[in-house]
Amino acid sequence: MADNESSKKRKRAGRRNKSHTQKLKLSTERESTSPKAERINEEATEKPKASASASAKCLKSQGKLSNSSSFLDKMKAKLSGGHFRMINEKLYTCTGKEALEYFNDDPTLFDTYHTGYQEQMSHWPELPVDIIIKWLKEHSPSLVVADFGCGDARLAKNVKNKVFSFDLISNDPSVISCDMANTPLGSTSVDVAVFCLSLMGTNFPNYLNEAHRILKPRGWLLIAEVKSRFDSTTGGADPKTFTKAVCDLGFTSVSKDFSNKMFILFYFKKKEEQDSKKKDIEWPELKPCLYKRR
Ligand code: SAH
């Protein structure tokens, strides 16, 4: 029994020490690991309700219920904030296929997610999608764009280009619902592929592979990601390792922009000629971006 326990401890320690750079098996569907998410869920669905009514009773008895509606509003905001963080964690710890099933089972979760996402974004000094919109406006409007994980399709709504917008759920006729590892577009059909804060699934290399498939030779790949995911001092990936992996997929790195407080931007171009020999690509693990309670 004791031996068994110490062998378990050793295994756990081994797992902790494993390098962050590892080969992600693209075909292996990882199970979601979200014990923390469950904790948030419990808190979000039960505790606030109970404490809301208890606190309301207490305030009433003290004759202090004058601002009860703002109190309830605060409670509701807490609930939906907790729900958002739970869905967010789920999306970062499962594959795109699992995420698609999760939202298809209950599409209202997608709205809850996006309400919370917009709330978080409202605190950012600048949005990466706006930088990408600006970049597109400085290039030819004839470039055909694929927006992978488009959210509310802000990008498509703000440029003249033809934009194919993809997301797990479509609340807008212009958005094509799919797992972006498999889009309905033909090979070498677009000029720009955009991933704006959307490399969420544990199988993110599949999404980049799909972008590579649909991009024309010399087509652009623009990636905006949360800075903390690339901060190797706090368990994030090394941007150099990530860049090397994308280049091994068949791209050249054009530039990187670290100037923003909250996110990094990577600019790649698809190689004109592809290497005849397929490389074994070492993808870094991209840690989930978990938003803090506010
Ligand atoms: N690009 C938008 C939204 C970012 S939120 C913006 O910058 O505002 C990330 C989006 O990626 C979410 O809408 C999520 O549903 C979507 N997403 C995550 N994994 C996906 C997948 N496998 N297929 C399609 N969309 C995905």
Side-chain angles (χ1 to χ4, degrees), residues 24 26-27 29-30 32 83-136 145-159 161 163-172 174-185 192-211 213-214 221-227 229 257 260 262-266 286 288-291:
L24 294 178
L26 302 193
S27 55
E29 308 270 279
R30 279 210 238 145
S32 157
H83 207 176
F84 159 71
R85 284 190 296 275
M86 183 198 79
I87 302 166
N88 181 63
E89 182 165 343
K90 165 78 185 168
L91 295 179
Y92 278 112
T93 51
C94 72
T95 63
K97 186 168 172 265
E98 287 165 335
L100 184 65
E101 283 162 9
Y102 179 67
F103 280 143
N104 278 338
D105 279 353
D106 182 357
T108 65
L109 294 178
F110 187 77
D111 301 330
T112 309
Y113 175 76
H114 273 283
T115 305
Y117 175 80
Q118 296 304 341
E119 211 286 314
Q120 288 290 335
M121 289 300 121
S122 69
H123 300 280
W124 286 30
E126 192 159 27
L127 298 183
V129 65
D130 289 339
I131 306 237
I132 294 170
I133 290 169
K134 198 163 152 253
W135 185 93
L136 282 168
V145 181
D147 186 7
F148 286 77
C150 64
D152 61 3
R154 183 180 175 116
L155 193 146
K157 288 174 192 152
N158 284 283
V159 295
N161 309 58
V163 181
F164 292 98
S165 305
F166 301 110
D167 210 303
L168 294 162
I169 295 283
S170 166
N171 284 334
D172 184 303
S174 70
V175 176
I176 301 165
S177 75
C178 65
D179 170 12
M180 61 193 177
N182 298 296
T183 70
L185 297 188
V192 186
V194 174
F195 290 88
C196 188
L197 308 183
S198 58
L199 290 181
M200 304 181 90
T202 52
N203 62 325
F204 74 87
N206 291 141
Y207 311 149
L208 297 173
N209 214 23
E210 177 67 353
R213 182 187 72 78
I214 67 168
L221 168 66
L222 311 188
I223 302 174
E225 263 308 328
V226 179
K227 220 170 199 173
R229 302 188 84 194
D257 178 358
N260 288 283
M262 307 301 278
F263 55 87
I264 301 187
L265 276 154
F266 297 90
L286 290 186
C289 163
L290 303 179
Y291 295 96

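Atoms within a ligand are numbered from 1 in the order they appear, just like the ligands themselves.
The closest side-chain donor-acceptor pair between Q118 and D152 falls under 3.5 angstrom.
Looking from atom 18 (C) of ligand 1 to the surrounding protein, the closest heavy atom is M200 SD, 3.8 Å. From the protein, the heavy atom lying nearest to atom 6 (C) of ligand 1 is Y117 OH, 3.5 Å. From the protein, the heavy atom lying nearest to atom 7 (O) of ligand 1 is C196 SG, 3.2 Å. Considering only non-hydrogen protein atoms, atom 16 (C) of ligand 1 sits nearest to D167 OD1, 3.3 Å. Annotation: atom 9 (C) of ligand 1 to nearest protein heavy atom, L197 O, 3.5 Å. From the protein, the heavy atom lying nearest to atom 22 (N) of ligand 1 is D179 OD1, 2.9 Å. Ranking the protein heavy atoms by distance from atom 3 (C) of ligand 1 puts G149 O, 3.5 Å first. Closest protein heavy atom to atom 24 (C) of ligand 1: C178 O, 3.4 Å.
Note: E225 CD to C196 SG = 8.5 Å, rounded to the nearest 0.5 Å. Rounding to the nearest 0.5 Å places OH of Y117 at 10.0 Å from CD of Q120. Here the CD1 atom belonging to I223 is positioned 11.5 Å from the CG atom belonging to L197, to the nearest 0.5 angstrom. The structure places CD1 of I131 at 12.5 Å from CG of L136, a figure rounded to the nearest 0.5 Å. Of the inter-residue distances, the one linking Y92 atom OH with L199 atom CG reads 9.0 Å to the nearest 0.5 angstrom.
Nearest residue to atom 26 (C) of ligand 1 from L168, I176, N203 is L168 (criterion: closest heavy atom). Nearest residue to atom 23 (N) of ligand 1 from M180, K97, M121, E98 is M180 (criterion: closest heavy atom).
Using the six-membered ring where Trp is involved, F195 and F148 have ring planes that are parallel, under 30° apart on the 30 and 60° scheme. In this structure, F166 and F164 have parallel ring planes: the angle between them is below the 30° cut-off, well short of the 60° mark.
L100 and C178 get closest at one heavy-atom pair: CD1-C, 4.3 Å. Shortest non-hydrogen contact noted between N260 and K227 is O-NZ, 2.5 Å. Residues Y102 and M86 approach most closely at OH-CE, 3.6 Å, considering heavy atoms.
Short contacts between ligand 1 and Y207, defined as distances under 4.0 Å to a heavy atom of the residue, involve ligand atoms 22 (N). The distance from ligand 1 to the heavy atoms of S198 drops below 4.0 Å at these ligand atoms: 11 (O).
Contact of the D172 side chain with the K157 side chain is registered, since non-hydrogen atoms from C-beta on lie closer than 4.5 Å.
Below 3.5 Å of separation, one finds no N or O of D147 facing any N or O of ligand 1. Below 3.5 Å of separation, one finds an N or O of H114 facing an N or O of ligand 1. The shortest N/O to N/O separation between F166 and ligand 1 does not fall below 3.5 Å. Checked by distance only, ligand 1 and D152 stay at 3.5 Å or farther apart across all their nitrogen or oxygen atoms.
For F148, no heavy-atom contact with ligand 1 is shorter than 4.0 Å.
The closest approach between any non-hydrogen atom of F110 and ligand 1 is below 4.0 Å. The shortest separation from a heavy atom of C150 to ligand 1 is under 4.0 Å, placing the residue in contact.
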